[in-house]
Amino acid sequence: MAERLAAGAEVTGPAFSVFWHNDELGEGQEWRVTLKTSATLRDKLATRILELHPWAPGPEILASPVEWATDHYADWVEKFTAAKE
């Protein structure tokens, strides 16, 4: 958060997960982290997550485009990520 690549984060979990990894079926716990950032910082944020994540090839990183947001919310994201844009 100190790098201001995201204005905020929401952590959900743990959730039970079943997955394929290294050609084996696995299961375990996972946490979902939703990071609130701007479109211009999306790639920088993903790169930083990959640098920090301990497992190769890295975590699942997805983006959900925002079709609409209140001005208040959009201003909040811009204000708290502005230092890096």
Side-chain angles (χ1 to χ4, degrees):
M1 295 298 295
E3 295 178 50
R4 292 199 177 227
L5 295 175
E10 179 183 317
V11 181
T12 307
F16 179 70
S17 181
V18 179
F19 50 86
W20 284 99
H21 182 70
N22 293 332
D23 293 325
E24 294 182 6
L25 186 61
E27 59 183 53
Q29 290 184 333
E30 292 186 339
W31 286 257
R32 177 176 297 180
V33 180
T34 302
L35 297 163
K36 291 122 188 218
T37 193
S38 64
T40 58
L41 286 176
R42 177 192 66 202
D43 294 336
K44 288 182 184 179
L45 177 59
T47 297
R48 189 66 176 128
I49 291 167
L50 291 170
E51 290 171 355
L52 294 171
H53 198 277
W55 299 341
E60 175 183 334
I61 300 175
L62 305 170
S64 297
V66 175
E67 184 177 318
W68 179 87
T70 63
D71 290 342
H72 173 75
Y73 182 82
D75 291 346
W76 172 74
V77 171
E78 178 152 339
K79 177 181 179 182
F80 288 101
T81 59
K84 285 288 183 180
E85 291 190 87

Sorted by chain and number, sequence neighbours left out, side-chain hydrogen bond (donor to acceptor under 3.5 Å, both in side chains) with R48 holds for E3, E51
Across all chains, not counting sequence neighbours, the side-chain hydrogen bond (donor to acceptor under 3.5 Å, both in side chains) partners of E27 are none
Applied to residues 6-20, the salt bridge (Lys or Arg N to Asp or Glu O under 4.0 Å) test, sequence neighbours excluded, yields E10-K36
Taking every heavy atom of V33 against every heavy atom of A9, the minimum-distance pair comes out as CG1-CB, 4.3 Å
Scanning both residues in full, the closest heavy-atom pair of A7 with T81 reads N-CG2, 3.6 Å
Output for pair (T47 OG1, L5 CG), nearest 0.5 Å, gives 9.5 Å
Rounding to 0.5 Å, atoms CZ (R4) and CG (L45) come to a distance of 14.5 Å
Could you give the side-chain donor-acceptor pairs of residues 16-23 under 3.5 Å, partners two or more places apart or in another chain?
unit_1 : atom_1 : unit_2 : atom_2 : d
S17    : OG     : E30    : OE1    : 3.2
S17    : OG     : E30    : OE2    : 3.3

Output side-chain donor-acceptor pairs under 3.5 Å for residues 52-71, partner residues at least two apart or in another chain, one line each.
unit_1 : atom_1 : unit_2 : atom_2 : d
H53    : ND1    : W55    : N      : 3.1
T70    : OG1    : Y73    : N      : 3.1

